[in-house]
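First up is the structure itself, then whatever we jot down about it.
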Amino acid sequence: MKKFSILLLLLLILIRQQISHASDSDLIDQICKKTPFYDLCISSLTPQNPIPDVKTVASTMANLVLSNATDTLTFIQELIKQGADPQLQKKLANCAELYIPVVKYNLPQAMNALFRGKFGFTSYLLSDAGKQADACQKNFSDSDEAPLSERNKLITHLCDVAVAILKLLS
């Protein structure tokens with residue numbers, strides 16, 4: 001009888017975990033359907049740990065924006081150190097000037113505002129981060145060489161997804 005009770009308990013725990021995981025997937029799917037880039041949203045959130053609510057999803061997306069913006073700034077700085085063409089150097093330096101405040105101030109402030117429930121301010125800061133990535137990309141509009149195109153596009157799209165999720169909280 002004791003073995004049966006333990007087996008039943010383990011079975012109930014397993015079923016509960018499956019239901020919890022399914023409801024997390026449903027929540028993510030419902031949220032991502034309300035964003036401009038469904039596939040990006042799903043692929044960004046699916047491998048995460050269980051997501052209990054919309055605020056956690058928004059926080060996860062904001063963290064992804066920060067991570068990608070930080071990585072892009074590091075990449076820009078490495079390209080600048082390589083000392084390529086002076087025209088390219090100037091464009092890269094301009095992009096670094098755009099990304100530095102985003103990485104050092106705006107996105108950390110956005111995370112803090114999100115934690116405090118200031119969703120409008122968080123949305124503004126994330127939207128601005130996307131605009132800075134766009135401004136960086138415009139530096140290369142007259143050039144065949146655009147080493148940051150994919151990175152800028154990803155950050156802009158992640159920001160759009162994060163802002164769309166934040167609108168669900170407002």
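The chain is numbered in sequence order, starting from 1.
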Heavy-atom closest pair, residues Ile76 and Ala96: CG2-CB, 3.9 Å

How long is the span from the CG atom in Asp85 to the CG atom in Leu92, to the nearest 0.5 Å? 9.5 Å

Do Ser127 side-chain atoms and Ser123 backbone N/O form a donor-acceptor pair below 3.5 Å? no

dist Lys55:NZ -> Ile165:CD1 (nearest 0.5 Å) comes out at 14.5 Å

Looking at residues at least two apart in the chain, or sitting in another chain, which of them share a side-chain contact (heavy atoms from CB on, under 4.5 Å) with Ser67? none

What pairs meet the salt bridge (charged side-chain N to carboxylate O under 4.0 Å, His left out) rule with one or both residues in residues 64-77, with sequence neighbours excluded? Asp71-Arg151

To the nearest 0.5 Å, how far apart are CG in Asp160 and CG in Leu126? 10.0 Å

So if you build clusters from Ile, Leu, Val, Met, Phe, Trp, Tyr with side-chain heavy-atom gaps below 4.5 Å, do Phe121 and Leu169 land together? no

Please examine the side chains of Ile31 and Leu168, heavy atoms only from C-beta on, and report whether any two atoms are closer than 4.5 Å. yes

Under the ring pair (Phe, Tyr, Trp, His ring centres under 6.0 Å) definition, can you give me all pairs with a residue in residues 124-163, not counting sequence neighbours? Phe37-His157

Side-chain donor-acceptor contacts of residues 97-114 below 3.5 Å, not counting sequence neighbours, with atom names and distances?
unit_1 : atom_1 : unit_2 : atom_2 : d
Tyr99  : OH     : Asn152 : OD1    : 2.5
Asn106 : ND2    : Asp128 : OD2    : 3.0
Asn112 : OD1    : Arg116 : NE     : 3.4

Between Lys167 (side chain only) and Gly120 (backbone N and O only), is there a donor and an acceptor less than 3.5 Å apart? no

Under the side-chain contact (heavy atoms from CB on, under 4.5 Å) test, residues paired with Tyr38 that sit two or more places apart: Asp29, Cys32, Lys33, Ile42

So, for Thr156 and Gly130, which heavy atoms are closest and what is the spacing to 0.1 Å? OG1-O, 3.6 Å

Which distance, rounded to the nearest 0.5 Å, do you find between the CD1 of Ile155 and the CD of Glu150? 11.5 Å

Taking the side chain as C-beta and beyond, is there a heavy-atom pair between Val161 and Ser44 under 4.5 Å? no

Under 4.5 Å between side-chain heavy atoms, hopping through other hydrophobics if needed: is there a path connecting Leu125 to Met61? no

Straight-line distance of Asn94 CG to Asn139 CG, nearest 0.5 Å: 4.0 Å

Near Lys118 NZ, under 6.0 Å, is it more than 12 heavy atoms from other residues, nucleotides or ligands? no

Same apolar cluster (I L V M F W Y, side chains within < 4.5 Å links), Leu88/Leu73: yes

Please lay out, stage by stage, how Glu78 and Thr74 fare under the test side-chain contact (heavy atoms from CB on, under 4.5 Å). CA-CA 6 Å; Glu78 288 171 6; Thr74 301; 3.5 Å; yes

What pairs with Cys95 under disulfide bond (SG atoms under 2.5 Å apart), at least two apart in sequence or on another chain? Cys136

Would you kindly confirm whether Val65 and Leu40 end up in one hydrophobic cluster when ILVMFWY residues are joined by side chain heavy atoms under 4.5 Å apart? yes

Straight-line distance of Lys81 NZ to Leu79 CG, nearest 0.5 Å: 11.0 Å

